[in-house]
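Here it is, the structure, as structure tokens.
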Amino acid sequence: MTITRETSDVADDRPAGRTATGDGISAHNVTVTYRNGHTALHDATFQIPRGTITALVGVNGAGKSTLFKAIMGFVPAARGEITLLGRSVKQALRENLVAYVPQSEEVDWAFPVLVEDVVMMGRYGHMGFLRRPGAADRAAVDQALSRVGMQDLRLRQIGELSGGQRKRVFLARALAQDGQVILLDEPFTGVDVKTEEQIVALLRELKAEGRVMLVSTHNLGSVPEFCDRVVLVKGTVLAYGPTAAIFTRRNLERAFGGVLRHVTLAGAALHDDDDPRELSIITDDERAFVHYGEPRATAAPAKMSGKAPQDGERR
Ligand SMILES: Nc1ncnc2c1ncn2[C@@H]1O[C@H](COP(=O)(O)OP(=O)(O)OP(=O)(O)O)[C@@H](O)[C@H]1O
């Protein structure tokens, strides 16, 4: 099995982050097997440079959370290696470089804790043994809260927040931590369009600061809008690289199989002349990926095999 490195990544002219050196996130033949013997991810290989936002896309159970857990050091790789900003996972965690924005379902919203306390948790790794916040910690929390527009709600219980506000609190925690590798699990689920736009604007700022972001999402329609890159998973990494090359209808069909809803309009249903282009709408039930322009003859659904792979795809 050969993985070709994408060619557009050669020049690294992105801004350097706080302590960032080397590549952003790099996985080489990573295999993760849970204690019950189930291998959730095998031979996963990809590279993501710093100063980028990458979508992690795949069907339920494809291994997205497993990959996050491996990057956070929660589960060990049985084989292979992950490096973060050129460091081992252990070293990156020791340096507090990895921040995680969880899915809402993972959080116990009934737990009695204030917004500002959650954000202060991002500072724990920077504090001493007694976890006593200093002036720098308080300043980092203030700054993070105002950056996500949550200053006014800092004394609210987290259970009293809306879905979008909850997401912003955990983004603020990642900012307070000053994470350079930021993992976001379904950041757009349950948020309105305005909040989604605010989150995307913030992610773009973080990208400009040279951080690297990996965003797990089922919101296919948003991916081309704000992600530079895509990693497609299905028990392994099927394909990775720039969005334009990887986020194609053919690859989505490989990643999702029959799970996707797929609507295609062409011919007389779309045009009143003989324009050969078609409109296709692909969704796994959140916002759809809409693609217009490919002539019908070349846009037929690809089979799972028998086609030459593209750069960054598994052969
Ligand atoms: N702790 C565990 N022990 C054993 N198997 C697990 C464990 N966690 C996940 N799995 C299995 O590993 C596979 C990958 O799960 P994972 O949670 O990584 O998928 P996912 O892509 O994040 O899915 P979703 O989109 O539903 O969140 C699934 O078959 C799942 O049942």
Side-chain angles (χ1 to χ4, degrees), residues 25-46 48 53-82 84 89 93 98-109 163 166-167 170-171 174 181-191 196 199 212-223 226-227 229-240 243 246-247 251-262 282-289 304 312-314:
I25 305 174
S26 166
H28 184 68
N29 283 339
V30 171
T31 295
V32 177
T33 302
Y34 284 107
R35 270 195 223 144
N36 66 358
H38 179 68
T39 295
L41 204 60
H42 69 90
D43 301 300
T45 296
F46 65 90
I48 307 170
I53 305 173
T54 299
L56 180 62
V57 173
V59 71
N60 291 138
K64 301 180 295 293
S65 303
T66 301
L67 180 61
F68 276 179
K69 287 184 214 166
I71 291 172
M72 290 187 288
F74 291 171
V75 290
R79 280 201 313 273
E81 194 189 22
I82 295 175
L84 305 169
V89 168
L93 293 173
V98 187
Y100 176 57
V101 180
Q103 259 184 60
S104 292
E105 296 76 47
E106 284 174 51
V107 178
D108 177 4
W109 297 104
R166 290 173 177 187
K167 297 278 183 204
F170 280 88
L171 267 169
V181 175
I182 305 180
L183 310 177
L184 299 105
D185 207 347
E186 298 287 351
F188 306 123
T189 303
V191 304
E196 180 177 330
I199 293 174
V212 53
M213 280 153 286
L214 187 58
V215 184
S216 156
T217 184
H218 288 275
N219 200 339
L220 301 180
S222 301
V223 169
F226 82 100
C227 293
R229 274 147 210 281
V230 177
V231 173
L232 282 180
V233 285
K234 192 178 187 182
T236 184
V237 171
L238 291 178
Y240 69 94
T243 305
I246 300 301
F247 202 69
N251 274 343
L252 286 172
E253 281 160 357
R254 287 174 68 213
F256 286 87
V259 179
L260 288 173
R261 282 171 211 272
H262 194 152
I282 301 176
T283 177
D284 82 335
D285 271 357
E286 289 202 26
R287 186 183 301 179
F289 170 51
M304 291 296 288
E313 285 188 60
R314 282 193 169 266

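First listed ligand is number 1; within each ligand, the first listed atom is number 1.
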Only one of Lys64, Lys167, His218 passes side chain to side chain donor-acceptor pair (under 3.5 Å) with Glu186, and that residue is His218
With a sphere of 6.0 Å drawn around CZ of Phe74, does it hold more than 12 non-hydrogen atoms of other residues, nucleotides or ligands? no
Is there a donor-acceptor contact under 3.5 Å from the side chain of Thr54 to the main chain of Leu214? no
Heavy-atom closest contact (Ala70 atom, Ile82 atom, distance): CB-CD1, 3.7 Å
By chain and number, the residues contacting ligand 1 below 4.0 angstrom (heavy atoms only) are Tyr34, Asn36, His38, Ala40, Val59, Asn60, Gly61, Ala62, Gly63, Lys64, Ser65, Thr66, Lys69, His218
Smallest separation among heavy atoms of Ala239 and Asn251, with atom names: CB-ND2, 4.2 Å
Thr217 and Val223: side-chain contact (heavy atoms from CB on, under 4.5 Å), yes or no, with the steps? CA-CA 8 Å; Thr217 184; Val223 169; 3.8 Å; yes
